[in-house]
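Structure record follows, encoded as structure tokens.
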Amino acid sequence: AQSMSLPELRSSVAGSVSEASFSLSSCSISDELPSVAQLREARKRTDLNAQALANRIAYLREEGEKVCKRLELTKYRTQELATRPSKADEQKALLQQRLEEIRAQQRRNKLQVAHGVQERKAVWDAMIDGRQKNAAEMREGKRLLQASKRMRDEERHRRIVERAVALRERGVGAEKQRILEEARLEQFRKIREEKKGRGAMEVLLKSRTEQRIAEMEQEEAELIEWLQAKNVEQREAYDELAIVVERRKAKQQPSATHPPPIAER
């Protein structure tokens, strides 16, 4: 037994492992832990919900910009009708003033559009950064899992070699059987730990996405409340504009219904 080489020892151990028969029902790990595929699918569904929420927030911001533009235009027309002069010689000055105001409004609109583009770009950049961070974290977690697996494999291989040497030196059948069972149980424990690690990584990614969704839902609620307030302000501005128009019609109506008297010859 002392003159056996390492290949002969390995073949002897492999033959002993194939001859050993014992039940593995007690070491089943499929029913103890949740499936990694299920956790991955749950995390993907959470990512899709976050993307849909980000799209809704962008839509609300765009609608808010449109409402602000309509509100400003309505207020401007109301002020214009309320302060419009009735004399013909002031019409030229009014037109010049309106032209300057229109140009100023155009400049403000350009600035608002540029600001909106910057905000959307900032949101998109933040989303890209978040995805890159998540990808980097997933890669780092995968690297750590692989390193841990490699260390466990090296340790297991070292133990197997030590046990094989001890088995060769002792040559006891019961001890050999016990060593084989311990090696098999160690393999099952290793698989269980790997599955736990992958499941924990999926749960961590899902929890981070859910936290981001909660923040985005709060932002969506604030945008909806702000948009509703702007819509109310827009309706009030429309009512004010209608009142001004009715007043001007009432002022112009007497002059239209009573023609000027005819001079006597």
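- Side-chain contact between Cys68 and Leu71 is absent, with no heavy atoms from C-beta onward closer than 4.5 Å.
- The line from NE2 of His157 to CD of Glu162 is 10.5 Å long, rounded to the nearest 0.5 Å.
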Only distances under 3.5 Å count here; give the side-chain donor-acceptor pairs of residues 144-153 to other protein atoms, sequence neighbours excluded, each with its distance to 0.1 Å.
from   : atom 1 : to     : atom 2 : distance (Å)
Ser148 : OG     : Arg152 : NH1    : 2.5

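- Applying the 6.0 Å contact sphere to CZ of Arg158 captures more than 12 heavy atoms from other residues, nucleotides or ligands.
- Screening Glu219, Gln211, Gln218 for a side-chain contact (heavy atoms from CB on, under 4.5 Å) involving Glu215 leaves a single residue, Gln211.
- At a threshold of 4.0 Å, the pair Arg159-Glu155 counts as salt-bridged, since one of the basic side-chain nitrogens sits closer than that to a carboxylate oxygen.
- To the nearest 0.5 Å, the span separating CD1 on Ile128 from NZ on Lys133 amounts to 13.0 Å.
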Next item on the list: Would you please test Arg192 and Gln187 for side chain to side chain donor-acceptor pair (under 3.5 Å) and show each step?
Entry: CA-CA 9 Å; Arg192 185 185 296 109; Gln187 181 180 4; over 6 Å; no
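- Qualifying side chain to side chain contact (heavy atoms under 4.5 Å, CB included) partners for Tyr59, counting only residues two or more places apart in sequence or in other chains: Glu63.
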Notebook entry, point to check: What's the verdict on side-chain contact (heavy atoms from CB on, under 4.5 Å) for Arg107 and Leu111, showing C-alpha distance, side-chain angles and the deciding distance?
Noted result: CA-CA 6 Å; Arg107 289 192 295 269; Leu111 292 176; 5.6 Å; no
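- Remark: Arg212 pairs with no residue by the side-chain hydrogen bond (donor to acceptor under 3.5 Å, both in side chains) rule, at least two apart or across chains.
- In this structure, Lys190 and Glu194 have side chains that are in contact, with non-hydrogen atoms separated by less than 4.5 Å.
- Listed by first then second residue, pairs satisfying salt bridge (Lys or Arg N to Asp or Glu O under 4.0 Å) with a partner in residues 44-55 read Arg43-Asp47, not counting sequence neighbours.
- Partners of Gln97 under the side-chain hydrogen bond (donor to acceptor under 3.5 Å, both in side chains) rule, at least two apart in sequence or in another chain, are Glu101.
- The number of heavy-atom neighbours closer than 6.0 Å to CZ of Arg247, taken from other residues, nucleotides and ligands shown, is 12 or below.
- When the side chain to side chain contact (heavy atoms under 4.5 Å, CB included) test is applied to Val203, the partners found at least two apart in sequence or on another chain are Leu39.
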Check: residues 220-227 side-chain donor-acceptor pairs under 3.5 Å, at least two apart:
from   : atom 1 : to    : atom 2 : distance (Å)
Glu220 : OE2    : Arg56 : NE     : 2.8

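- The pair Asp239-Arg235 fails the salt-bridge criterion, with no side-chain N (NZ, NE, NH1 or NH2) lying under 4.0 Å from an Asp/Glu carboxylate O.
- Atom OG1 of Thr209 and atom CD of Gln51 lie 11.5 Å apart (nearest 0.5 Å).
- Side chains of Lys69 and Leu73 form no contact here, defined as non-hydrogen atoms less than 4.5 Å apart.
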Margin query: Using side-chain contact (heavy atoms from CB on, under 4.5 Å), reason through Arg198 and Lys195 one step at a time and then give a plain yes or no.
Written below: CA-CA 5 Å; Arg198 291 195 298 268; Lys195 187 173 182 180; 4.3 Å; yes
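- Taking the side chain as every heavy atom from C-beta outward, Glu240 and Glu236 never approach each other to under 4.5 Å.
- For Glu72, the side chain to side chain contact (heavy atoms under 4.5 Å, CB included) partners at least two apart in sequence or on another chain are Gln105, Arg108, Gln112.
- Under the 4.5 Å side-chain heavy-atom criterion for grouping Ile, Leu, Val, Met, Phe, Trp and Tyr, Leu60 is connected to Ile213 within one hydrophobic cluster.
- Not counting sequence neighbours, Arg120 has no partner by the side-chain hydrogen bond (donor to acceptor under 3.5 Å, both in side chains) test.
- The hydrophobic cluster containing Val117 also includes Val113, under a criterion of side-chain heavy atoms closer than 4.5 Å among ILVMFWY residues, counted directly or through chains of members.
- Here Arg70 pairs with Lys66, Val67, Gln234, Tyr238 under the side chain to side chain contact (heavy atoms under 4.5 Å, CB included) rule; sequence neighbours left out.
- Lys206 and Ala42 get closest at one heavy-atom pair: NZ-CB, 3.6 Å.
- Here the CD atom belonging to Glu246 is positioned 10.5 Å from the CG atom belonging to Leu241, to the nearest 0.5 angstrom.
- Partners of Glu41 by side-chain hydrogen bond (donor to acceptor under 3.5 Å, both in side chains), not counting sequence neighbours: none found.
- The minimum heavy-atom distance between Met216 and Leu53, with the atom names listed, is CB-CD2, 3.2 Å.
- Scanning both residues, Thr78 and Ala237, for their nearest heavy atoms gives OG1-O, 4.0 Å.
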